[in-house]
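The structure under discussion appears below in the form of structure tokens.
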Amino acid sequence: MSEEGYDHTAVERRWQEAWAEADAFRTPDDAEDPTYVLGMFPYPSGKLHMGHVRNYTITDAYARYRRMRGDDVLHPMGWDSFGLPAENAAKERDSDPRDWTMDCIDTMRGQMESMGFGYDWDREITTCEPEYYRWNQWLFRRFHEEGLVERRAADVNWCPSCETVLADEQVEGEEERCWRCDSLVEQRELDQWTLGITEYADELLSAIDDLEGWPDSVREMQRNWIGKQEGSVVEFEVGEAPTDSGSGDDGEPRTFGPVEAFTTRLDTVFGATFFALAPDHPISEELAAEDDAVHEFVHNEADPDGDEPNGVETGLTATNPATGEEVPVFVADFVLSDVGTGALMGVPGHDERDHAFARRMGVDVVPVVAPEPDVEGADPEVPDVSEGAYTEDGVLVNSGEYDGLTSAEAREALTGAIDSADFHTQYRLRDWLISRQRYWGTPIPVIHCDDCGPVLVPEEELPVELPEFVNTTGNPLDAAEEWKHTTCPDCGADAVRETDTMDTFVDSAWYFLRYVSPDLEEAPFDVERADDWMPVDQYVGGLEHAVMHLLYARFATKAVSDMGMLEHREPFTNLLGHGMVQLDGEKMSKSKGNTVSPQRIVGEYGADTARLFMMQAARPDTAFDWSEEGVRSTHRFLGRLAETVRSFVDRESEPAGDDDPTAAYVRSEVDAAVAVATENFDDLGFDLATREAQSLVATLRGYREYVDEVHAPTVERGLQVALRLLAPVAPHLTEELYAELNGEDAGLLVDAEWPTADVDTDEARRRRQLVENTRDDVRNIVDVAGIEDPDRVDVVVAPEWKHEALAVALDSDADNLVGELMGRPEIQRHGSDAADYAKDLQAEREALRPALSPEHEREALEAAAWLVEREFGAPVRVLAAEEADDDVASTAEPGRPAIEIVE
RNA sequence: GCGAGGGUGGCCGAGCUCGGACAAAGGCGGCGGACUUAAGAUCCGCUCCCUCAGGGGUUCGAGGGUUCAAAUCCCUUCCCUCGCACCA
């Protein structure tokens, strides 16, 4: 192992125990407003994977950083432990979902501990425990009281493989596949429980604007999902055509009454030349029962997923409420029953899809909106819509008294003028269907009574606990006869329990509130403390939950807030979606077989290496490739860090190095590192922060190698800083080295104070820039001039008056800068040099930037002189302008010293 | 199709919010040097082209424009990724 390694296993275990002993991550209940750092709690699938490691390293590093900054920190962990995999696993091995889940939790908790994640385990929550899920049931009751729970018969998404229904959010893609198992989702009609998320649609949408700490992508996805559309509803009278008694019987033509359609383009109603119904619209179904062609279409031809808009003529007509004309009615497969009202007015002139359909079915195409004329007052030119629709807004034509109005005006006017029309806002968002026909979830606390209907289980009888698991093909709750049969809470008659369980997203919709008071027995959470501690300051998780979990959590928070239980209306102030861990550009996944096991990495290199490698590899929100080479390199760095600290601690006698300019350079680099890394930690830029810390260690090592004797206080401070800057990311080794450096009595590094540095980061950057530029210039000269072996390098700082001139120039708004400068005696007295420099300044005027002060510039250069000496093996003199030859000094400018290299 | 985010030197990736220090941070890879018996590790440089003292030229998907000045602002266009999608 030698310098390369250290006994990470022993070191890591030692400090994990020490932290536990010291209760280092405990958040006391009386904490006032701790910084709440939270990673999305995992489903306990059995083993930690790299995605987990990345996620939880980010939260842990940030939590540790905030703690060192002096904050109280709340950093809890729990288990999203209900769900189908446990049930499937139990079926496979003929055991119990609970046992399997608890085993997984134990394993994963152990792995988290071995990663050194600092959680307040006293706040651990496990959603599959009655102590947790009773509050799902309790909240279900409260939601019910608020009128947010409904039971309705509905066509639902049914996953045949999972044997359960799915929420809309859980159906993915055009083909409609199950989010979990990828099976094709079917439709079934079932009585299901829903939560009234649509009541909050408007607020869920508008409040997105204020979620400034969230990624734009997530905000946009939520906006799209909610899908607010403002428009109008309007009715069309539908019936058999008056001139043709389609049934052949005598008597009046049948009417089907008014049928409502939703449109965002009521301005085009004069061009509505047909009307279309969804195949499963009640009228379609009625017609299908008596008309073979419609029946054939509805049951066999309709292809809602196809590209072509298909339809069948019904023989009915609808009355266009604007023109009074009778237009044909179709049953068409592009009309979807769950969009709008399941019926639409077709305007082929101004909608591409309607246009395609109309051409296919031979329906008239009438343009009623024209592009707004360029010239005010000119007559609009009616667009040619024979080949394609004109879909933009414009001004109305062929629309009777509405001609000339803009589209927006016409929508307003027509909605007012048409009796049956009204403004209407519709959403794509549906109520949240939470019924699942599965065992391993929260039982929905309802009892079905023949007389009373569905009755809520009274509060005092909660929780309704799951019965013993039975391995059966259907829903095990249905098979649990003894559990299922009970009596009605209202009338006492024989009754049966609801056998559906809740969607597991219910568990995660409010779990962040439970951490506040995980053991509370009277309520789901302590209201006062939640007011103090919420919202979560920094939430971190995968963006696969951009819509589902994050939307449900926002909904639950708002609903709970409206119940008077919380004063906050949003759960997560800042959201970070961490990027993927990839291998050769591909997502790691079990199915691809390209996973890297965190356990192996921890065993081989240690948790610190794994953590530091991941954090330095990329910004936390971007994907990055796992690289074994990178891991080794990180591991070597930690070895060097250890060696650097230990060789300092083990020094035989106090080094006699002076506090010379070189030491001053090191000190300024220490300060710069503190300033820069702190900034980076603040905005989760762990890659930049750790890089800064690593380069500080390199500086310290370079210093140690260059001088015979280091200035001990300077190196000591450098090491103290380096350990602290790395502590959040590589906590074990830094803790070990901290103890070695400071002795056993110094306390723990987790509790140590974050270092401060009294430097301005801009100033530090300017200083680094000056040094770097100067070194570059020296190299350039040596190279270009072909200097083999320099004897001496003189670096000459610009004279005071040039700095003054620059300052004046920066400040001046005079037209003639040269005049202004030369008007100043202290500048003017430098004669033609002054005039030349003034001209330079004038020429560069717009691009001038402030430089370091002459003293700072000189200090910085003197401090960095050793770098040049080391590189070129020649002594370096840093001179004031007055100390150098005039012809050399004259080329010096602020920020750009003159350089003279003597061979 | 709609929406969002991107396209930077061999690769990865900063910078682009507030145009000037940008030939453009950092890392990786490659090259040279120090150390070493050697390798490894470590350390110091180089890595668009030209250059006789710090200079010049051509670059930031493509094409225009604004400006004294653009990787950075505006317009057009191409390509990539991700969401949503026969949404009325």
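Numbered from 1 within each chain, the chains take letters A, B, ... in sequence-line order.
- Spacing between atom NZ of A:K228 and atom P of B:C2 amounts to 23 Å, rounded to whole angstrom units.
- Look at A:R353 and you'll find a side-chain N or O under 4.0 angstrom from OP1 or OP2 of B:C87.
- Per the geometry, CG belonging to A:D776 stands 14 Å off C1' belonging to B:U47, to the nearest Å.
- Minimum interatomic distance between A:N310 and A:F297 (heavy atoms only, all atoms of both residues): O-CZ, 3.4 Å.
- Phosphate proximity of B:G13 to A:R619: absent, as no side-chain N or O sits under 4.0 Å from OP1 or OP2.
- Rounded to the nearest Å, the gap between the P atom of B:A62 and that of B:A70 is 15 Å.
- The separation of B:G19 from B:A71, taken at their P atoms, amounts to 14 Å, rounded to a whole angstrom.
- Nucleotides of RNA chain B nearest to A:D351 and A:T891 differ in position, and the one nearer the 5' end is that of A:T891.
- Of the possible polar contacts, one joining the A:S284 side chain to the A:A278 backbone as a donor-acceptor pair under 3.5 Å is found.
- In this pair, A:H545 and A:H549 present their aromatic rings perpendicular. The plane angle is above 60°, beyond the 30 to 60° band.
- Rounded to whole Å, the distance from CZ on A:R779 to P on B:G32 is 19 Å.
- Applying the 4.0 Å criterion to OP1 and OP2 of B:A85, one finds that A:R428 has a side-chain N or O inside that range.
- Using P as the reference atom, B:A14 and B:A34 are 37 Å apart when rounded to the nearest Å.
- Side-chain atoms of A:R636 stay outside donor-acceptor range of the base of B:A41, with no qualifying N/O pair under 3.5 Å.
- For A:D777 against B:G54, a side-chain N or O and a base N or O form a donor-acceptor pair under 3.5 Å.
- Nucleotides B:U76 and B:G26, compared at atom P, are 37 Å apart to the nearest Å.
- Across B:A88, B:A21, B:U42, the shortest atom-to-atom separation from the side chain of A:N773 is found for B:A21.
- Taking the nucleotide of RNA chain B with the nearest heavy atom to each of A:A847 and A:L336, the more 5' of the two is matched to A:A847.
- In the set B:A53, B:G45, B:C86, B:A53 carries the atom at the smallest distance from any side-chain atom of A:I901.
- Taking the six-membered ring for Trp, A:F357 and A:F274 have ring centres closer than 6.0 Å.
- Atom name C1', nucleotides B:G30 and B:G6: the rounded distance is 29 Å, in whole Å.
- Close to B:C28, at under 4.0 Å from its OP1 or OP2, lies no side-chain N or O of A:Q616.
- In this structure a side-chain-to-backbone donor-acceptor pair under 3.5 Å is present from A:H355 to A:V385.
- Relative orientation of the A:F686 and A:F681 rings is perpendicular, given thresholds of 30° and 60° on the angle between their planes.
- Distance A:F872 CZ to B:A34 P: 16 Å, rounded to the nearest Å.
- Going from atom CZ of A:R845 over to atom P of B:G20 covers 19 Å, rounded to whole Å.
- Between the P atom of B:G20 and the CG atom of A:D840 lies a distance of 21 Å, rounded to the nearest Å.
- Between B:G61 and B:C16, the two P atoms lie 15 Å apart (nearest whole Å).
- A:E629 has its CD atom 13 Å from the P atom of B:G40, to the nearest Å.
- The phosphate of B:C43 (OP1 or OP2) has a side-chain N or O of A:R640 nearer than 4.0 angstrom.
- For A:R360 and B:C86, the CZ to P distance is 17 Å, given to the nearest whole Å.
- Going from the C1' atom of B:A25 to that of B:G15 covers 8 Å, rounded to whole Å.
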